[in-house]
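Please read the structure below before turning to the comments.
First the proteins, then the strands, lettered A, B, ... as listed; each starts at 1.
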Amino acid sequence: MALPPDEVRHVARLARLALTDDEVAELAPQLSRILAYAEHVGEVAADDVEPTTHPFAPADVTRPDERRPSLSRDDVLAAAPQVEDHRFAVPRIVSQEG
Amino acid sequence: MSDLTNRTAAELADDLASGEVTSREVVDAYLARIAAVDGVDADGDVWPAKPAAALRSDEPHAYLAVTAAAARAHADDVDARRAAGAPLGPLAGVPVAVKDILTTRGVATTCGSRMLEGWLPPYDATVTRQLAAADLVVLGKTNMDEFAMGSSTESSAFGPTRNPWDLDRVPGGSSGGSAAAVAARLAPLAIGTDTGGSIRQPAAFTGLVGAKPTYGTVSRYGLVAFASSLDQAGPFARTVEDAARLHTVIAGHDPRDSTSVDAPLPDLTARLEDGVDGMRLGVIRELAGDGVDAGVGAVLREALERLAGLGAEIVDVSLPHAGYALPAYYLIAPSEASSNLARFDGVRYGNRVDAASAEEMNAATREAGFGAEVKRRIMIGTHALSSGYYDAYYLQASKVRTLIAADFRTAFDDVDALISPTAPSVAFRLGENVDDPLAMYLNDVATVPASLAGIPAISVPAGVADDGAGGRLPVGVQVMAPLLGDDVMYRVARALEAATAFDPTPRGARAVAVGEVTR
C-alpha cells in the first residue's frame with residue numbers, strides 16, 4: 001500500500017521522530033515501495049500456520065529468586081543526560097493545571 | 001616482526017605457547033600496523049571516532065576506537081602468567097577486534113550512532129567477558145552500520161569503512177569494520193554480529209571466513225539489540241579453523257539472556273578435518289540461479305565440483321518459500337528494531353536534545369540522534385506494528401518464518417548441509433546503492449533464509465570474480481547446517497577451504513598494502 005505524507009507524519013508521531021518536511025517527502029515513496037515488496041508475505045501462509053519467533057520455541061524461562069549484585073546507582077546515573085537528586089530528570093510530563 | 005600480522009590465530013597461539021613470541025610483541029605489531037594503515041595513532045588509550053574531515057580515502061577506517069594501553073597491559077599480564085606457568089586458554093594472548101555493538105565497561109560503545117556518542121557502558125557484554133576470560137586481547141572497537149542496519153557500513157554516523165581489496169568499494173555490512181580489520185591485517189580475529197547476513201556478507205566481500213552460529217547459542221547480553229529474535233554474534237577469521245576456535249570461546253548458555261539455548265554444543269574443531277566424503281550436500285535452487293552475477297555463479301559451480309571431487313554427493317534442493325524470506329525479514333527486523341530502539345528516549349543514557357515537554361524532547365532527541373536508514377527502519381516497523389496492520393505484516397511474516405523453517409527441515413531430512421552463494425555480487429562501490437534502499441536490501445537475499453530459521457551458516461572464500469573494471473574481488477560460498485549442527489557447518493567449510501587454496505591477501509590496484517607498512 002502507498003503511504004501518503006499524512007500517514008508518514010502519523011507514524012512518525014507514534015515513533016517519536018520529529019521528521020522534517022523534507023524527510024517526510026523522501027520517506028513517503030520509499031516506505032511505499034518497501035511495503036509493497038514486503039506485502040508478498042501475504043501470498044502464502046494460511047490461517048492454520050503458527051507464527052515462529054524463536055527456532056527452539058522455548059518454554060518460559062525462570063531463574064531462582066535470589067539476591068545478586070546489580071549495577072551501582074552512581075554508575076548508571078553517570079550515563080544519564082540529566083540527573084537531579086540521584087534520579088533521572090525529564091521535562092514536565094503532566095501540566096500543573098492538570 | 002611485521003610478519004606477525006600475517007600469521008593465523010592458530011599459528012600465533014602455537015608461537016605464544018612455545019615462547020617464540022610474547023603477546024606483547026604480537027599486540028605491539030598490530031598496534032603499529034593499525035597506526036600505519038588505519039591512521040589511528042595508538043600510543044594512548046581510547047580514541048573517540050575520527051571526525052569525518054580526518055577520514056582518508058586510502059585508509060580502511062576499520063576501527064572506531066583503539067584501546068592500546070589496555071591491550072598492552074592485558075598482553076603483559078598474559079605473558080607474566082604464562083612465564084609463571086599458570087594455565088591459560090588455547091587462544092590466550094591472541095589479539096581480537098570487537099564490533100562496536102557489544103558493550104565494553106568504561107570503553108566507548110557507539111553502535112555507529114550519534115545517539116550513543118560518548119556513552120561509556122557500565123557493564124561488559126557476556127561475549128566481552130568470555131573473550132577476557134579466555135585471555136584474548138581486545139585491540140579496539142570496529143566500525144559498523146548504524147545500529148547494525150545496513151549492508152555496506154556506509155550508514156555509520158562516523159563515516160564509511162572501505163574494503164581492503166579495493167578502497168573504493170564497500171566491505172559489506174553491517175559488520176564491515178570487523179571484516180576490514182581482519183582482511184587488512186589489523187587483527188587476526190574479530191567479533192561481528194549477524195541479524196540477516198551482517199557477518200556472512202562482509203566476510204564474502206573481503207575474502208574471509210565469517211560464521212553466524214545457531215540462534216541462541218551465543219549470548220545476546222550486552223549486544224545492543226536490533227532484531228532480538230535474529231541477532232547473533234559470531235567470528236571473523238582468515239581460516240575456518242581460526243573461526244571455529246573463536247566461535248568456541250563465545251558459545252555457551254547464559255542465564256542473563258532469556259533466549260539463550262541450554263543445549264550441549266558440539267565440539268566445533270574435533271572433526272574439522274574429517275572431510276565430506278560420503279556427505280550429501282544440497283544446492284538451493286532458488287538461491288543459486290536468477291539474480292546471481294555470472295562471476296559469482298562460476299565460483300559457486302567450481303566450489304561444487306571441488307566438493308564433488310572430495311566424494312560429496314551434490315544434489316539439487318528446493319526451498320519453496322525462499323523467495324518470501326526477504327519480504328518477511330524486512331517486516332520482522334524493522335518491527336523488532338522499532339520496539340528495541342524505543343529505549344533511546346534521551347532519559348537514561350545516550351544523548352538528549354532539550355525541549356519543553358517530555359514528548360517533544362523524545363522526538364527531537366531521536367530526530368537528531370538517528371541517521372536516515374535507522375529512521376527508515378523504525379518507520380517501517382512502527383507502521384507494521386501499528387493498529388490494524390499487525391496481522392497483515394508482523395504476524396503474517398512470522399508465519400512465513402514457520403514455512404521457511406519447515407522448508408529447511410525437509411531439506412535436511414535429505415542432505416547433511418546446504419550450499420548457496422553468500423551474496424549475489426562481489427563488493428559494490430561506495431555510494432552505489434545508497435539512494436535505493438530496496439536495492440541495498442536485496443544483498444541479503446541468500447543470507448536471510450538461514451537467519452529466519454535460526455540455523456548456523458558460514459561464508460567461505462571460494463575464489464575471485466571480475467569486478468567489472470579489470471580487477472578481481474573475492475566471492476564467498478555459504479554453507480548452512482541444521483540447528484545445533486555448527487560442527488557440520490565447519491567441517492564442510494574446512495573441506496571447501498582446503499580444496500580451494502584461496503589466498504586471503506588483498507591484492508589489486510586499490511588494495512591495502514600487506515606486509516611492512518610505514519608512512
Practice prompt. Decide yes or no on side chain to side chain contact (heavy atoms under 4.5 Å, CB included) for B/L442 and A/Y37, but give the supporting numbers first.
Written response: CA-CA 11 Å; B/L442 289 171; A/Y37 177 71; 4.0 Å; yes
Item to complete: Take A/T53 and B/E336, measure what side chain to side chain contact (heavy atoms under 4.5 Å, CB included) needs, and give me the verdict at the end.
Response: CA-CA 11 Å; A/T53 56; B/E336 296 185 10; 5.9 Å; no
Practice prompt. Start with the C-alpha distance between A/E39 and B/Q396, add both sets of side-chain angles, then the distance that settles side chain to side chain contact (heavy atoms under 4.5 Å, CB included), and finish with yes or no.
Written response: CA-CA 9 Å; A/E39 278 166 10; B/Q396 186 65 20; over 6 Å; no
Fill in: Candidate pair B/T365 and A/R16, rule side chain to side chain contact (heavy atoms under 4.5 Å, CB included), full reasoning
CA-CA 9 Å; B/T365 294; A/R16 299 291 186 268; over 6 Å; no
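Outside the 6.0 Å centre-distance limit, the rings of A/H40 and B/Y324 are not counted as a close aromatic pair.
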Between side-chain atoms of residues 402-409 of chain B and protein atoms elsewhere (two or more places apart, or another chain), which donor-acceptor pairs fall under 3.5 Å?
unit_1, atom_1, unit_2, atom_2, d
B/T402, OG1, A/E50, O, 2.4
B/T402, OG1, A/T52, N, 3.2
B/T402, OG1, A/T52, OG1, 2.6
B/T402, OG1, B/S398, O, 3.3
B/D407, OD1, B/H321, ND1, 3.2
B/D407, OD2, B/H321, N, 2.7
B/D407, OD2, B/H321, ND1, 3.1

Considering only distance and modelled atom types, tabulate donor-acceptor pairs under 3.5 Å from the side chains of residues 61-80 of chain A, sequence neighbours left out.
unit_1, atom_1, unit_2, atom_2, d
A/S72, OG, A/D75, N, 3.0
A/D75, OD2, B/R105, NH2, 3.4

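Here the closest non-hydrogen pair linking B/H383 and A/L35 is CD2-CD1, 3.4 Å. Across all non-hydrogen atoms, the minimal contact from A/P81 to B/G350 is CG-O, 3.3 Å. A/P91 and B/S357 make their closest contact through CB-C, 3.7 Å (heavy atoms, listed as atom of the first residue, atom of the second, distance). Between B/A453 and A/P55 the shortest heavy-atom distance is O-CB, 3.5 Å.
Using a 4.5 Å cut-off between heavy atoms, A/V8 contacts chain B through both its backbone and its side chain. Looking at B/A368, there are no atoms closer than 4.5 Å to chain A (heavy atoms on both sides), in backbone or side chain. For B/T214, the part lying near chain A is the side chain, with the backbone staying farther off; criterion is any non-hydrogen pair under 4.5 Å. Interface remark: B/D436 contributes side-chain atoms only to the contact with chain A (heavy atom separation under 4.5 Å). With a 4.5 Å cut-off on non-hydrogen atoms, B/S338 does not touch chain A at all. Of the atoms belonging to B/P255, not a single heavy atom falls under 4.5 Å from chain A. Residue contact with chain A, scored on non-hydrogen atoms closer than 4.5 Å, involves the backbone and the side chain of B/L326 alike.
Note: B/A358 leads B/A358, B/G454, B/A384 in heavy-atom pairs under 4.5 Å with chain A. The candidate from A/A15, A/G42, A/A18, A/A89 with the greatest count of non-hydrogen atom pairs under 4.5 Å with chain B is A/A18. With chain B as the partner, the residue from A/V90, A/L27, A/L19 showing the most heavy-atom pairs under 4.5 Å is A/L19. Comparing B/G381, B/G346, B/G216, B/A364 by how many heavy-atom pairs each has under 4.5 Å with chain A, the most go to B/G346. The candidate with the highest count of non-hydrogen atom pairs below 4.5 Å against chain A, out of B/V261, B/L395, B/N362, is B/V261. Counting heavy-atom pairs under 4.5 Å between each of B/L331, B/V347, B/I455, B/L120 and chain A puts B/V347 at the top. Most heavy-atom pairs under 4.5 Å with chain A, from the set B/Y215, B/W119, B/Y330: that is B/Y215.
Within a 6.0 Å radius of CZ in A/R13, other residues, nucleotides and ligands contribute 12 heavy atoms or fewer.
Between B/K399 and A/D47 the shortest side-chain heavy-atom distance falls below 4.5 Å.
Contacts between residues 369-379 of chain B and chain A, counted as heavy-atom pairs separated by less than 4.5 Å, involve B/F370, B/K375, B/R376, B/I378, B/M379.
In this view, B/Y123 satisfies the side-chain hydrogen bond (donor to acceptor under 3.5 Å, both in side chains) rule with no residue, not counting sequence neighbours.
With values rounded to the nearest 0.5 angstrom, A/I34 atom CD1 is found 4.0 Å from B/I380 atom CD1. Rounding to the nearest 0.5 Å gives a distance of 7.5 Å between OG1 of B/T217 and CZ of A/F56.
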